[in-house]
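So you know, we letter chains A, B, ... as the sequences are listed, proteins then strands, and number each from 1.
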Amino acid sequence: MDGTLKPIIAMLEERLRGALEIATGRKDCQPLVRLAGDARFGDYQANGVMPLAKELGRPPRDLAQRVVEALRVEDLCEPPEVAGPGFINLRLRPEFLARRLLDVAADPDRLGVDPTERPQNVVVDFSSPNIAKEMHVGHLRSTIIGDAICRVLDFQGHHVIRQNHIGDWGTQFGRVILGLWHVCMAEKHAADESGGLYFERELPALRECAHDTSRLEALCKAIRERHEKDWRTDSKVEEGDGEIVFKPFLESLSARPDETLWPSIQLGYQYVTTLEDLVTGMGLTVPTRQAGVIPYEDIGRHATAMLQNHENSKNQQEYSAWERVRRLTMHCCYQVYDRLGVTLRPEDERGESAYQPMLPQVVEDLKAAGLAVESEGAICVFPEGFKNKQGDPLPFIIRKSDGAYLYATTDLAAIRYRVDELHADRIIYVTDFRQAQHFAMLFATARMAGWAPAGVELQHITFGTMLGENGRPFKTRSGGTVKLAELLDEAVERAMAIVQEKNPDLPDDGKRHIAEAVGVGAVKYADYSTNRESDYVFSFDRMLAMEGNTAPYMQYAYARIKSIERKAAGRDVDIQSELAGLDAVTLTDPAEVDLAKHLIRYGEAVAATAKEWRLNLLTQYLYDLAQKFSAFYTNCPVLGAAAGQRGGRLLLCDLTARTIRHGLKDLLGIAVVEQM
RNA sequence: GUCCCCGUAGCUCAACGGAUAGAGCGUUGGCCUCCGGAGCCAAAGGUUAGAGGUUCGAAUCCUCUCGGGGACGCCA
């Protein structure tokens, strides 16, 4: 094995290009070699003759015949045939196929797939959970699609820099601190009055009467009254907010266990969010130390602005509280990442907050370059080609009229960082399609500013919405967001029931292990196996089906091969030594040939997948492989095969298992199991 | 209103400008002396939303119509 197994399509294109040159006298002809669309046309087809014939005004079949005469592929193919209007059909020779199969099998790590000749520094921005929230289904696609992209890039030999752009700044910052403050106050009230935490009662109440205006207003008014009272009793006039009760509360946080604190923090944060949404437009106000009386719904934003504008020591307590919430959130995220087999690690975290110090400079530089101007109090860039509903230039707002920065600003700072500090040749963003316009404007602005030079590729990889079986966005029955951890629990539980039914004799921990692999694998595989750009309908029943293009079917195919390996010893077959001594194979049965041809195309599948990040092309390849294996398996006995056939068949089993495992586990992060 | 994406078998989805548009589920019919039947083989099922156009060739590119989704100034 010399490590240079050139893809067959590339070899054929090269030969065809030469033949086209001879037949037409032209250089740089496009041979257009593709996988044959139909097995009757052979294995590969060249479509390049027809456009050339048209251009040269020559009869296409005649030209094709001349090309075939000039074509030297005897070492690879049977004699080429001209077909239809001018196709050239190519069929691999069995000797070449057998040789290639042995070469691929002899390459344990890369399965005959060469690394790229042009390695890049590729930044992949994906997952991006939010602080103080649990990961929900909205994070699933970005997380697993981004992860698979990273894995494929790694395999191709690129230098991958994962970036988890955590939502840890902006409006949430103030709201989370405010949520913590409510946790503090609610605990104080509960201690004084020996009741439960007030937001545990009031949050559901708020949601219930969201459409009952008079009840809602009464409730919000009462909450506001208590808020003001609590705020006043917690404040020393000479120092400001939150010294008496809130400060000691924050100091006590680090001593408290995550399990009790985390649910309270999330709930407190939801409470603030819900409350601010509902009181909007109600006319309620609240006094503040810094800004005087402000609308009640603006208090979170006020807290954000204060924190963003103050680097002084007074904010130290909030900052440490913030760190605590952040750590808790990520702890929870890593539990989900681990289950999903996602490769993100703490060193990949670079949240919005990391760019916060760079934001003023971003705005200043754009202003100095004449690209950013003030408009209606905000600082905006007007990249070319974007219009609003009136047909006027559409602003890319980089600083709000209240002085706060936005995600546009953060994203621009991130581009500068990634290009200047991380030396990115390419930056890939994995987010849903709704953000397409934002990224188009972001990229346009970064190009105008020269922060992303022409040599740096900027790619927005989008995906569609996850829908429930009713065709509406995927929600719980009550309309809430579905937590990712709970979604995985249900998938695993359902998988467990199936394992229980199919294979009741396995030990319990074996069943649990299999159920985890099958359940989580099913969720991921279902996502990967559809075109990422279309919306996709989530269905436990379909993704866990044992038939069809599903994770369980793939895992089953793998387990069957492993079962053969386990049986081998009992049949006096030593697979290792038999494979080690194999220097030639003879493929006779059509199912063997079909499987072998597919096995040597793994590299083509990986390349096609990476070209436009169509992960469904990889799952399709793997599914075809599993199907071809199953056909081979039913038609061709392996352990009981004649001596001359057994080695080749063992090789097909071995390479199929390794290819499935590589594709599933190494590239998609889906576990395989020895039995199921 | 402007712009973007989508519309393919009953359902869920494929198809790199190429030949007779493919799978799976479901439906119907075959295949268990044999390594895991969670399997294999086969049949039926389509005017690729509609109408024009470009092309040797269009589900794919262009124009329009209809239907669905999304974005569109201080959320991310």
Side-chain angles (χ1 to χ4, degrees), chain A residues 32 34-38 40-41 45 47 50-51 53-54 60 83-87 89 128 130 167 169-172 301 352 375-380 385-392 394-402 404 406-408 410-411 431-438 440 462 464-465 469 471 498 501-503 526 529-531 533-537 539 541-542 545-550 552-553 555-557 559-568 570-571 573 591 608 611-612 614 616-617 620 623-624 627 630-641 649 653 675-676:
Chain A
L32 302 178
R34 302 285 134 89
L35 221 53
D38 189 310
R40 286 177 330 217
F41 305 140
Q45 62 182 57
N47 302 335
M50 291 167 285
K54 177 68 183 174
F87 297 100
N89 290 339
S128 310
N130 296 312
W169 203 257
T171 315
Q172 310 98 300
R301 220 170 300 154
E352 293 167 350
S375 167
E376 297 173 34
I379 309 293
C380 308
F386 298 91
K387 289 193 166 66
N388 69 7
K389 32 189 147 172
Q390 282 80 38
D392 301 326
L394 188 64
F396 191 56
I397 301 177
I398 55 174
R399 198 176 77 192
K400 302 201 285 184
S401 48
D402 67 1
L406 300 97
Y407 78 138
T410 309
D411 282 343
T431 82
D432 69 280
F433 71 100
R434 290 194 298 265
Q435 298 187 49
Q437 184 171 268
H438 165 73
T462 64
T465 310
E469 289 184 84
I498 298 167
E501 181 200 326
K502 299 283 184 186
N503 220 338
S529 61
T530 65
N531 184 335
E533 294 195 285
S534 36
D535 292 347
Y536 108 94
V537 177
S539 161
D541 288 336
R542 253 201 322 274
M546 300 301 156
E547 310 86 28
N549 189 8
T550 64
Y553 177 89
Q555 289 163 323
Y556 174 66
R560 283 210 295 188
I561 303 174
K562 292 289 140 183
S563 173
I564 294 176
E565 291 176 7
R566 282 193 299 276
K567 290 264 159 57
R571 302 273 208 100
V573 178
K611 197 174 162 214
E612 289 180 322
R614 304 222 167 269
N616 60 302
L617 296 182
Q620 187 63 52
Y623 179 59
D624 289 342
Q627 278 196 312
S630 288
F632 158 78
Y633 179 88
T634 43
N635 288 308
C636 306
V638 177
L639 298 176
R649 290 184 179 177
C653 288
Q675 42 185 324
M676 58 189 289

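Residue-level contact check: A:Ser630 touches the backbone only, with heavy atoms under 4.0 Å from sugar-phosphate atoms and none from bases. Counting non-hydrogen atoms under 4.0 angstrom, A:Tyr536 reaches the backbone sugars and phosphates but no base. Residue contacts shown for A:Asn89 include a base, since a base heavy atom lies under 4.0 Å away. Within 4.0 Å (heavy atoms only), A:Ala440 reaches no atom of the nucleic acid at all. Base engagement by A:Pro637 is indicated by at least one non-hydrogen atom pair under 4.0 Å involving a base atom. Within 4.0 Å (heavy atoms only), A:Ser375 reaches at least one base atom of the nucleic acid.
Contact record, A:Arg649 with A:Ala641: NH1-CB, 3.9 Å, taken as the closest heavy-atom pair.
Less than 6.0 angstrom separates the ring centroid of A:Tyr553 from the ring centroid of A:Tyr623.
Neither OP1 nor OP2 of B:rC72 sits under 4.0 Å from any side-chain N or O of A:Arg434.
In this structure, the nucleotide among B:rA23, B:rA38, B:rA71 sitting nearest to the side chain of A:Ile498 is B:rA38.
Judged by distance alone, the side chains of A:Arg434 and A:Thr462 never bring a donor and an acceptor atom under 3.5 Å apart.
Residues satisfying the side chain to side chain contact (heavy atoms under 4.5 Å, CB included) criterion with A:Ser563, sequence neighbours excluded, are A:Arg566, A:Lys567.
Across the interface with RNA chain B, nearest-nucleotide mapping of A:Cys380 and A:Gln45 shows A:Gln45 to be the residue nearer the 5′ end.
Under the Watson-Crick and G-U wobble criteria, each requiring two contacts below 3.5 Å, nucleotide B:rG73 is left unpaired.
By the 5.5 angstrom centroid cut-off and the 30-degree plane limit, A:Phe87 is classified as not stacked against the base of B:rG18.
For the P atom pair drawn from B:rA59 and B:rC3, the interatomic distance equals 27 Å after rounding to whole Å.
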